[in-house]
Amino acid sequence: MDYKDLADIIFPDAKPIEYYEEKYPERNLKEGAIVTRFAPSPTGFVHIGGLYQSLIAKKLAEQTEGVFFLRVEDTDQKREVENGVSGIVNALKDFEIQPDEGMISENEEKGKYGPYKQSLRKEIYQSYAKYLIEQGKAYPCFCTVEDGEEMRAKQETAKIRPGYYGVWAKCRNIPVIEAIEKIKAGEDYVIRFKSPGREDRKIKHHDVIKGNVDFPENDQDIVIIKADGLPTYHFAHVVDDHLMRTTHVIRGDEWLSSVPLHLQLFHELGFKAPKYAHIAPIMKNDNGNKRKLSKRKDAEAAVSYYDEEGIPAEAVKEYLLNIANSNFENWRRANKEKSIDEFELQLNKMSVSGALFDMIKLLDVGKTVISTFSAEKVYDESLKWANKYDKELAEMLEDKEYALKIFGIERGNKKPRKDISKWSEVKENIGYMYDDKFLNKKQDYPYQVINDKSDINKILDLYIEKYYNENDDKQTWFDKIKELAGEMGYAKEVKEYKANPDNYKAHVGDVSTVLRVALTSRTNTPDMYEIMQVLGKESIEKRFEKAKKAE
Ligand code: GLU
């Protein structure tokens, strides 16, 4: 009885690994092409950190004419939720980070290196586990949960390193014949890797992001196949990234400390190891403490948050690139019009420690991004958002022609308006342009400098009676406000007022403010000429009447 007999008893039907090696050949890509992946568990929650990793992975694949694929890691079936895969697929779709290969819906996939769902790869893992057993590099372990607890308690009391290694690896030396008897007798077991490592020896590793790191060798005989026949993360990672011909494993840095184990597994299986790039997590400043963005504590950790708030996907991606490469900001300044696809992302420029997530900055990016959208796109996107989250806004947008006029104010020119950072701000932002909302509600009139009620009313009356003409161009319109100011004893030019403040009650700017506040109840609005054009005479008159009557 030898290792081969043992392997045959455990996995009688497993195919030889050559079958898979042939089925999934080296990819035929150009030199330097990066093959990488996003490999989430379908837990129903997509973390912004996962989106960040995917964005980086997809960009690198694209830049190098490589491949970005989506592999679903569902070997921990306790953690699974219904439609967990669709949640991930849709999140990537919403952000236009679609994979070239892998899962494309709950149960469908594309690409030649699948299946891309680990639970469907059971036979593949078993073939490779069998291969290791045949060579005496893996073995069945019959320890029970109680055995494990007992071992841990002893290690704790003796204050020694925990784990299944060296003398603690009880089943490592069970003679083959005995192991076969136990299996035949129906005893439960898992398969463990027989680690050739020694903790007192070091390995040197170069991580693409973290740089050179030294680790002690792995000496733990980790479980590779669980009692349910499915692999552990470690084993599945090595088998899959080998067979899917991944060149770069881009993943969260919580896995950095597993690198010695993974390299050892690659080596013992006779595979070439991929490059590793461990991404630092996105951090949050919590009252002066820097901590990871947490699924439990922070709404913004969930990708769904951005959709609910109406922060455009373009803004989120642009912001994430800001975090990823510090030179992005300069590139953006120099290339205002370019798509982020043209930015050359570099893995080795990523920060080694976690970057802080700054919502204010993200919303600022949102403002800039939305300012580049056409009125039509602003309309479409706000409507899409409103249909999902805000009935009242959706109703306001029913009159498309009018809404387009509002969104068109100060848009499409050199310095477009930058007043919307997310779709959930639109209602507040345009509400005053709607007569039914504006006229039927009590309004405040913060007139600023000119506060004499009879003067204010006179300005409003005179403007409508004598000066307003909806066909005026902007220059004529403004010249008329100057005239009006002059007629009422205000300086026509701010300069004149500053030179002789005693000669005037105030200046043309203050008169403008009166008109603006009476029209909108705001001191700060986009261009007033355009607002008046959109409102039209009837609305302007009604608004002035309302202002005149206000206390
Ligand atoms: N399923 C693992 C996770 O969710 C994947 C890590 C990796 O990318 O290899 O963290």
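Just so you know, ligand 1 is whichever comes first in the structure, and atom 1 is the first atom listed for that ligand.
Between atom CD of residue Glu425 and atom CD1 of residue Ile420 there is a gap of 8.0 Å, rounded to the nearest 0.5 Å. Lys292 contributes atom NZ, which lies 15.0 Å from atom CG of Asp286 (distance to the nearest 0.5 angstrom). In this structure, CZ in Phe95 is found 8.0 Å from OH in Tyr306, a value given to the nearest 0.5 Å.
Shown in contact with Glu73 at under 4.0 Å from a heavy atom are these atoms of ligand 1, numbered in order with element: 1 (N), 2 (C), 5 (C). The atoms of ligand 1 that sit less than 4.0 Å from any heavy atom of Ser41 are 1 (N). With ligand atoms numbered from 1 in the order given, ligand 1 contributes 7 (C), 8 (O), 9 (O) to contacts under 4.0 Å with heavy atoms of Arg251.
The shortest distance between side-chain heavy atoms of Trp168 and Pro162 does not fall below 4.5 Å.
What sits closest to atom 10 (O) of ligand 1 on the protein, heavy atoms only, is Trp255 NE1, 3.2 Å.
Between Glu329 and Arg332, no side-chain nitrogen of the basic residue sits less than 4.0 Å from a carboxylate oxygen of the acidic one, so the salt-bridge criterion is not met.
Heavy-atom minimum distance, Tyr276 versus His237: OH-NE2, 2.8 Å.
Backbone and side-chain nitrogen or oxygen atoms of Ala39 are examined, and one is located within less than 3.5 angstrom of a nitrogen or oxygen of ligand 1.
Contacts between Tyr233 and ligand 1, counted as non-hydrogen atom pairs separated by less than 4.0 Å, involve the side chain only. Counting heavy atoms closer than 4.0 Å to ligand 1, residue Arg37 contributes side-chain atoms (C-beta onward) but none from N, CA, C or O.
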